[in-house]
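From a predicted model like this one, the values you see are computed outputs, not experimental measurements. Residue numbers run from 1 in the order of the sequence given.
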Amino acid sequence: MMTDRPFTFELNAPGFVPSRYDNHIRRTISSMRGQYHDTAAYEAMAAEGDALLYEVYELARPHEAGELLHGISIVHPGRVGDEYYMTKGHFHTVLETAEIYVCLSGQGMMVMETPEGDWAVEALVAGRVLYVPPCWAHRSVNTGDDDLITFFAYPGHAGHDYGTIEQQGFRKLIVARDGRPEIVDNPRWGEKIMRNDE
Ligand code: F6R
Ligand code: ZN
């Protein structure tokens, strides 16, 4: 087995962009079709151009157990209708894998749920560490006026299952009510579950 040397990098650049990274992923409005509950607001926004919603800087490591995949996630501020800019969200393909997030800047919420239907929402503020246990799907939501910036690390063999969330969304949505974030039920989630139960 090849043994890598230890390495370091800095997060001192403006916006916490890592001093070294291997992949820079940019997710725009067109990659979020079907994810926002206000489809009219989504279509109106998509028609105006392919706005950048969030970015991920990844350090490449082998996708193997024992490794830790890690990087910086930046969700920009904004809304589609009354719903804040957010990540797609996913389960890990190997469901029994955890993830750790450190909030570096901004304000937001992590929306989480299990396949059994349990759910949780935790506020993200600078300096807060969030442990996402095995089996919990997770989505970061930017509820503030500035970038929401987090450092993340998760097992190399975890993989990403986006399809489950693409189909039914999360149980809970984070929407602006009187200018403040509120947790509400996702009507679409219930519909799909009922259909699946038929
Ligand atoms: C990796 C992880 C984060 C997210 C990133 C973007 O397992 O949870 O690095 O990948 O915050 O979110 P998604 O991947 O849901 O588009
Ligand atoms: Zn993850």
Side-chain angles (χ1 to χ4, degrees), residues 4-32 35-36 45 49-64 66-80 83-92 97-112 120-134 136-160 162 165 170 173-176 179-181 183:
D4 287 316
R5 300 287 303 163
F7 64 89
T8 65
F9 59 93
E10 318 301 325
L11 298 175
N12 298 329
F16 294 92
V17 174
S19 56
R20 59 168 277 193
Y21 60 84
D22 299 294
N23 302 315
H24 179 200
I25 299 159
R26 303 167 91 254
R27 293 256 200 252
T28 56
I29 185 104
S30 60
S31 64
M32 294 295 282
Q35 296 303 301
Y36 285 97
M45 208 177 141
D50 206 10
L52 179 64
L53 306 189
Y54 65 99
E55 305 178 62
V56 181
Y57 293 91
E58 286 180 339
L59 283 288
R61 296 299 309 164
H63 291 196
E64 291 168 4
E67 290 281 351
L68 290 174
L69 300 178
H70 60 287
I72 295 290
S73 168
I74 303 173
V75 184
H76 296 301
R79 287 193 334 227
V80 176
E83 223 176 339
Y84 298 96
Y85 283 5
M86 60 192 184
T87 60
K88 279 172 177 271
H90 55 263
F91 286 96
H92 291 161
T97 49
E99 182 151 348
I100 197 153
Y101 279 86
V102 182
C103 183
L104 301 172
S105 186
Q107 289 198 318
M109 292 186 180
M110 190 72 80
V111 180
M112 294 164 282
V121 174
E122 290 291 341
L124 295 171
V125 292
R128 183 166 289 169
V129 178
L130 168 65
Y131 189 76
V132 182
W136 286 77
H138 40 284
R139 159 181 284 167
S140 348
V141 182
N142 185 348
T143 58
D145 298 327
D146 304 306
D147 283 345
L148 173 67
I149 306 177
T150 51
F151 172 87
F152 61 83
Y154 62 102
H157 66 304
H160 291 114
Y162 289 102
I165 297 297
F170 279 78
L173 308 178
I174 310 296
V175 296
R180 298 177 53 162
I183 304 168

Indicate yes or no: at least one non-hydrogen side-chain atom of [X] is less than 4.5 angstrom from one of [Y].
| X | Y | answer |
| --- | --- | --- |
| Met86 | Ile174 | no |
| Leu68 | Arg61 | no |
| Asp22 | Glu58 | no |
| Val141 | Arg139 | yes |
| Tyr154 | Thr97 | no |
| Ile100 | Val132 | no |
| Leu173 | Tyr36 | no |

Work out which heavy atom in [X] is nearest to a heavy atom in [Y]; give both atom names and the distance.
| X | Y | answer |
| --- | --- | --- |
| Tyr162 | Arg27 | OH-NH2, 3.8 Å |
| Gly15 | Ile149 | O-CD1, 3.5 Å |
| Tyr21 | Leu59 | CA-CD1, 4.1 Å |
| Thr87 | Val75 | CG2-CG2, 3.8 Å |
| Thr143 | Gly108 | OG1-CA, 3.4 Å |
| Phe152 | Glu99 | CB-OE2, 3.5 Å |

Gap between atom [atom2] of [Y] and atom [atom1] of [X] - 0.5 Å precision:
| X | Y | atom1 | atom2 | answer |
| --- | --- | --- | --- | --- |
| Gln35 | Ile165 | CD | CD1 | 8.0 Å |
| His76 | Asp146 | NE2 | CG | 12.0 Å |
| Ser140 | Met109 | OG | CE | 12.5 Å |
| Glu55 | Thr28 | CD | OG1 | 11.0 Å |
| Glu122 | Cys103 | CD | SG | 12.5 Å |
| Tyr85 | Asp147 | OH | CG | 11.5 Å |

Q) Between His90 and His138, does any side-chain donor sit less than 3.5 Å from a side-chain acceptor? A) yes
Q) Any donor-acceptor pair under 3.5 Å linking the side chain of Tyr84 with the backbone of Gly144? A) no
**Q.** Exam field: side chain Asp50 to backbone Ser30, donor-acceptor pair closer than 3.5 Å
**A.** yes
Q | Other residues, nucleotides, ligands: >12 heavy atoms within 6.0 Å of Asp4 CG | A | yes
(Q) For the aromatic rings, using the six-membered ring if either is Trp, is the centroid distance between His92 and His160 under 6.0 Å? (A) yes
Q | Parallel, tilted or perpendicular, as decided by the 30° and 60° cut-offs, for the rings of His70 and Phe9 | A | parallel
Q: Run through Ile25, Leu11, Ile74 and flag the one making a side-chain contact (heavy atoms from CB on, under 4.5 Å) with Tyr57.
A: Ile74
